[in-house]
Q: 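Okay, handing you the structure first.
In listed order, ligands and their atoms are each counted from 1.
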Amino acid sequence: MLFSSRLRYFALLPLALSLLSCSKTPGTSVEDARAFLLSTEAELLKLQIADNRANWVHETYINDDTDNLSAAADERVIARVTELVKEAARFDKTTLPPDLRRKILLLKLSLSMPAPADPKLREELTQVAAGLSGSYGKGKYCPVPSDANAKCLGVEAVGERMAKSRDPKELAELWEGWHKVAVPMRDRYSRFVELSNAGATELGFKDTGVLWRSGYDMDPDAFSTELDRLWGQVEPLYKELHAYTRTRLTAKYGAAATRQDGMIPAHLLGNIWAQEWGNIYDLVAPASAPATYDLSKILASRKADAKQITGYGESFFKSLGFEPLPPAFWQRSMITRPADRDVVCHASAWDLDFDTDVRLKMCIQGTGEDFTVVHHELGHLFYDLAYRKQPFLFRGAANDGFHEAIGDTIALSITPEYLKTIGLIQQVPPPAADIPILLRRALDKVAFLPFGLLIDQWRWQVFSGKVKPADYNTAWWALRAKYQGVAPPSDRGPEAFDPGAKYHIPGNTPYARYFLAAIYQFQFYRAMCREAGYTGPLNRCSFFGSEAAGKKFKAMLELGQSKPWPEALKQMTGEDKADAGAMVEYFAPLLQWLKEQNKGATPGWTVASGK
Ligand code: X8Z
Ligand code: ZN
């Protein structure tokens, strides 16, 4: 009896201690950290799936109810992550194995919209955020607002007209019309900034911008410097493209395209935001170029529907050795705009359950642009599927630029030879078509670079308080001038909030990722071409069908975010630094050609002082 009671005593002691440690002073050992992360991952997985479902329904059926439901689900995740980050601080002084330390770091960085712990403020923030994103999704430009029957245009309709119209007056109207959508967002956006910053401070960051810049396995200031370095590598190429495009637009539009300062009016570049210029290819095409092909026309003549266009993307991945998309993808995606309700049409890829329920949300109309965007989006989904066996906190990209680069890497392989292989064109254009094909591509990829860079330059200034709400728009145009060399069609009034007319601002999606992706994709592509045994000029390579290239790619994707990104990059490319050299190599023949065309002209523009 005695013995047994002693035994009981000893047997119960550890349990009693652990009960004590749960209720009063939680442990800080490595084993405690492991247990904490295990339960955190299980809990967050559940919460995040519920949040994804609410957001999916919101974005595919916008109304007041779904605005509220998605805001409430976001709030639950943010509240819990905030608590868990604070709880995890107890391991700050524990020497943890690298995987556990990394998980805690990733947990801390996981919110792109940190929120205050005060439930009232948190609720306000999530509602302001859902309202901003809803306002963008519902946004319409009504050419004759007083006429109830006048047809109002959503963002794709405005985009489509701006791609096709060659009437500067109509283009200016469309541009100004769409930008009105953002006017009522400005005050809500400044409140959003205040509240999100309060949340970032509670998590130990100076502001939300610093939190965003902390996600790159380097010091946040070093990250800004790194972006400047990369921009420095490609800026000369952009300047030549800008100068050439300006000359051709002046020839076409005369005074409407001509400015004393050398900037290009933003409404003449074939895109609402002047972010990609491929739609004005016909205006800048080399005079004596051999005919190439127009993918939009080919797809239209074949009556390729949304499903077929998506199928082309899937086949490419399969040719590299990836499994087909899971059945849920085909059953649950939204790939065309529904006729009867407001939806967020901006294309996005959804990892609903962090397993095989992956979905595409896109309003495919059948253009050549859709063809590339489908590859972009499927890149996200094949990445999601590849890392789904990782622990929950590692189910993400090496960094967010990697996620954005995967599909684009594949799309660089859409060469004439590839289009012939899949039967979309009958004849491969002669080598003399290289320059027009490269120019067409540069209008999208090279023109994008300064835009990709400036969006977050603006947001970082806003989050840091350097730019106050009254100066939001002036600061925006100062950056547009500095980096892109573009100007608005007319002076912007004091009520304008032009950043809000771009999805990622009201949608609060960080944007430096796209700048990085524009550079990484050429680095990945060069490595895969090498792996596929290709040795010719980089711009003619397609690694379609190369299982060797696919294997290398897949191995990197499967890592998820379990390792710092330079390791993932090294495994795939042998290089551990981002390098725009691959992009410069790809466009080298075009750069030389542009320089010849620009002889006698001076690339560049002047930015008014004080801006
Ligand atoms: O937003 C996107 C994708 C979804 S992640 C369609 N992109 C940026 C944009 O449209 O502004 C891709 C390129 C840049
Ligand atoms: Zn994307």
Q: Return the orientation label for the W212 and F463 ring planes: parallel under 30°, perpendicular over 60°, tilted otherwise.
A: perpendicular
Q: Which ligand 1 atoms, with their elements, are less than 4.0 angstrom from a heavy-atom of K502?
A: 9 (C), 10 (O), 11 (O)
Q: Output the list of atoms in ligand 1 that are nearer than 4.0 Å to some heavy atom of E404, sorted by atom number.
A: 5 (S)
Q: Hey, does I410 have a side-chain heavy atom less than 4.5 Å from the side chain of L320?
A: yes
Q: I need the nearest protein heavy-atom contact for atom 2 (C) of ligand 1: residue, atom name and distance, please.
A: H346 NE2, 3.4 Å
Q: Counting only N and O atoms by type, is there a donor-acceptor contact under 3.5 Å from the side chain of W175 to the main-chain atoms of I272?
A: yes
Q: Measure the CD-CZ distance between Q390 and R395 for me, rounded to the nearest 0.5 Å.
A: 8.5 Å
Q: Using a cut-off of 2.8 Å, how many protein N, O or S atoms sit around the Zn ion (ligand 2)?
A: 3
Q: Working to the nearest 0.5 Å, report the span between CG of L479 and CG of L453.
A: 9.0 Å
Q: Between D74 and N55, is the side chain to side chain donor-acceptor pair (under 3.5 Å) condition met? List the steps.
A: CA-CA 8 Å; D74 287 349; N55 284 312; 3.0 Å; yes
Q: Charged N to carboxylate O under 4.0 angstrom, E176 versus K180?
A: no
Q: Give me the nearest non-hydrogen protein atom to atom 6 (C) of ligand 1 as residue plus atom name, then the distance to 0.1 Å.
A: E377 OE2, 3.2 Å
Q: Tell me the nearest of Y514, Y503, Y511 to atom 11 (O) of ligand 1, using heavy-atom distances.
A: Y511
Q: Are any side-chain N or O atoms of D370 and backbone N or O atoms of T367, one a donor and one an acceptor, separated by less than 3.5 Å?
A: yes
Q: Considering only heavy atoms of A347, which atoms of ligand 1 have at least one such atom less than 4.0 Å away?
A: 4 (C), 6 (C)
Q: Please determine if H380 has a nitrogen or oxygen closer than 3.5 Å to a nitrogen or oxygen of ligand 1.
A: no
Q: Under 4.0 angstrom from ligand 1, any heavy atom of S348?
A: no
Q: Take R441 and E276, measure what salt bridge (charged side-chain N to carboxylate O under 4.0 Å, His left out) needs, and give me the verdict at the end.
A: CA-CA 10 Å; R441 209 151 239 180; E276 282 135 3; over 6 Å; no
Q: Judging by distance only, is a nitrogen or oxygen of Q275 under 3.5 angstrom from one on ligand 1?
A: yes
Q: Less than 4.5 Å apart, side chain to side chain, heavy atoms only: is that true for V373 and M362?
A: yes
